[in-house]
Amino acid sequence: TAQVPAAWQPTGAAMEPTFVSAAAASAWPAAAGRAVAPPLQMQVEGCSAPSGLVGRRAPLASPLRLRGRRVSVRRGAAGGGEGGEPESKETPFWERDIGGMLFASLSGFLGFLSGLAGGVFAFVGNLSESLASPADRPESIWSVKGSLGAPPLDSQSDSPVYSLGPFPVCTDASNLRLPGRRYTILTTAALPWRVGPAVNALVRALHLAKSGCQVVLRLPWVEPEAQEKLFGGSGRFEDKASQEQYIRQWCVERVGINSEEVPLEIRWYDATYVEAVRSIFPLSDVSEDLSEDENDVLILEEPEHLNWFHQGRRWPDLFRHVIGVVHTNYRVYLAGMGYDGLLGNPAVRDSLLLTFTSIVCNAYCDINIRLSSAGGQLPNDVIQNVHGVREEFLRIGAQELPAVADDSQPRAYFVGKAVFPKGWTELLSLLGKGGCADVPLHAFGSGADFEAIVERAAELRDAGATKLEVFPEIDHIDARLRTCSTLVNPSTSEILCTVTAEALAMRKRVVLPRHPSNRFFVDNFADRIHVFEPGDAPSFALAVRAALEEGWAPPLTAPQRELLSWEAAIERLFDAVEVHVLSGQYSRPSQVQSARLAYEAHAGIQRDTPSLSKLLKDATLKSRSPWEETLAQWRDTEIGKTLMTGQVSWPPPGWESALGYPVLKDEQVERKEVLPLAKEVETTDGER
């Protein structure tokens, strides 16, 4: 247990506002009567950790321990030694591990900077994990949020939160069901690159426009030279008009909506494809290119991705309501990118990612929608699946399905972008451990790791571990997959996998790992889901064999079919972004002081310290900066080799000519020349 310091006790000072982001206002009374409140997150700004924390698991030690921080404690009079100071033996400077000290100091400095901001935003998330057991509680699509985008402490514990009397309606700005709402959707990808931010953003725009709302869809324009790497054989477009024509034709053929008959406008912004991290980043400032009618609702598909390097105006100052939809689990995705140097250290990389993601999502969004509880917590986040599947998949599921192929033909398959973090690592690892050696399995995908995946699959086949065959990407409704009754999707890197939803719509059985990203499917489609423990080859083999033995899944029930539709997904979106103000003077989360401070912090890095911004950008995008070139040259010098290896000889090479007189190798010179310098370095290094 930890006693809360007196300085943390409530002081009666004016508190920041409290917001409720709810599925609907009517959901609150039903939830309020439960003995246990739903799992929520909280962060405290400025003061106030209530005395109710006393006696529970240490609230301060938990986040420090989880973040891997080192804590230095000075002893008092009982410390042992004269004057109450602990006895210690000083290690001579020349015997210390200099290279390790430099690396530790640099790592510690970066960790301090990122941990300072990241710790603030993550404090309550870690505290919530200590006080509650989310696995024992159902996920909720409404939550109470405080000034840092997280709920009050009472809503994390077993104490219920009640609403007595009339419940406040949502603000007009957050009520997307009001007539005349206008939408701007900004995303990070465009067809023919068939990834979630391209397909789902487009279909969401189509259905909003189909309901009569004016929609502007802003897509990234990548130069033709980079399109070949990005789209492969799917197409090359010399201008924006030809790519827009391709997209509009796709809407007619694959969604069944003529985009020219609904109020949908497509506009482009200049972007670049960075092959090293396999992502598209903006080159132009969209905030300076808005038309007069773009000022109502902004949906940022992948808000962290769009805003990491954003140097333009603040989105909440330009729109009445700003919504972020988080598509990608970047913590897992970046772990597979093969970073070198400091970003190769998971602790440093995750700390920087958490810091900047939390800052930009707090600074630029009113609501952040996470498609599942996978991935890190964000300020003002709501967990809700706001994606659906296209009608063409549901039509296939409603048809009479073909007979299941015999055992000599593949009945199980996998579809995914051919990069190892997108499920291929897990699939190859599980198959390599045996248990499915006699099960024919076809996998389809295209991407940067395709050749390496094909090579690894061939090695496993030669070893007799699997019958896996890998082929280039095909469409999920391709005729070659019509006789396959089972989708095997072992990925744990997604926040929510659209391929899984499409397979369920086509009445296929699905083999999934027990993971937060799959909870929506397990909770609502348990009669056709076969779950295994992640990384457990025997459990995986049992699930695959059970799914194949069952054959085709039964027809979807009416509620299941409705749940998968885009019409239901739009309704869930409307529910998830509502804001109900319970207290305070502000009407939206982006108005509070913490959100504005987050913007000032991010804008300061991007505009006021361009060198630091460039260093972070170069490191993230795996560019070799001039600083790295200089460091590489310095490593080759005698003193650089000495410091990087940590092996210090006395005197260092070249010191005699630098000092102008011979350096004697005796204790007297060491004591006079070296120790005062070492003492000075230690004094300026804070605790050391």
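Hydrogens, waters and symmetry mates are skipped; everything else that's a heavy atom, side chains included, is used.
Every residue two or more places apart in sequence or in another chain that forms a side-chain contact (heavy atoms from CB on, under 4.5 Å) with D285 is listed here: S287, E288, H310. For A363, the side-chain contact (heavy atoms from CB on, under 4.5 Å) partners two or more places apart in sequence, or in a different chain, are A598, Y599.
At least one side-chain heavy atom of R572 sits under 4.5 Å from a side-chain heavy atom of N385. Residues L191 and L202 are in side-chain contact: their nearest non-hydrogen atoms beyond the backbone lie under 4.5 Å apart. With contacts defined as side-chain heavy-atom distances shorter than 4.5 Å, the pair L206/V215 does not qualify.
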Worked verdict on D172 versus R181 for salt bridge (charged side-chain N to carboxylate O under 4.0 Å, His left out): CA-CA 10 Å; D172 287 345; R181 300 309 298 262; over 6 Å; no
Salt bridge (charged side-chain N to carboxylate O under 4.0 Å, His left out) between R314 and D317, worked out: CA-CA 6 Å; R314 187 169 181 250; D317 295 339; 3.7 Å; yes
Verdict with supporting geometry, E294 and R267, salt bridge (charged side-chain N to carboxylate O under 4.0 Å, His left out): CA-CA 12 Å; E294 292 183 89; R267 298 177 185 172; 2.5 Å; yes
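Each of V325, V322, N368 was checked for a side-chain contact (heavy atoms from CB on, under 4.5 Å) with L300, and the lone residue meeting it is V322.
One N or O on the side chain of S174 and one on the backbone of V579 form a donor-acceptor pair closer than 3.5 Å. One N or O on the side chain of R182 and one on the backbone of D293 form a donor-acceptor pair closer than 3.5 Å.
The salt bridge (charged side-chain N to carboxylate O under 4.0 Å, His left out) pairs that include a residue from residues 197-211 are R204-E301, where partners are two or more places apart or lie in different chains.
Between H207 and W566, the angle of the ring planes stays under 30°, which puts this pair in the parallel group of the 30/60° scheme. Ring pair H305/W308 is parallel by interplanar angle, where below 30° counts as parallel and above 60° as perpendicular.
Note that the CD1 atom of I570 and the NE2 atom of H387 stand 9.5 Å from one another [nearest 0.5 Å]. In this structure, CG in L208 is found 5.5 Å from OH in Y183, a value given to the nearest 0.5 Å. Taken to the nearest 0.5 Å, the OG1 atom of T188 stands 3.5 Å off from the CD atom of E302. To the nearest 0.5 Å, the span separating SG on C365 from CD on E304 amounts to 9.0 Å.
Salt bridge annotation for D366-R320: absent, with no cationic side-chain nitrogen under 4.0 angstrom from a carboxylate oxygen.
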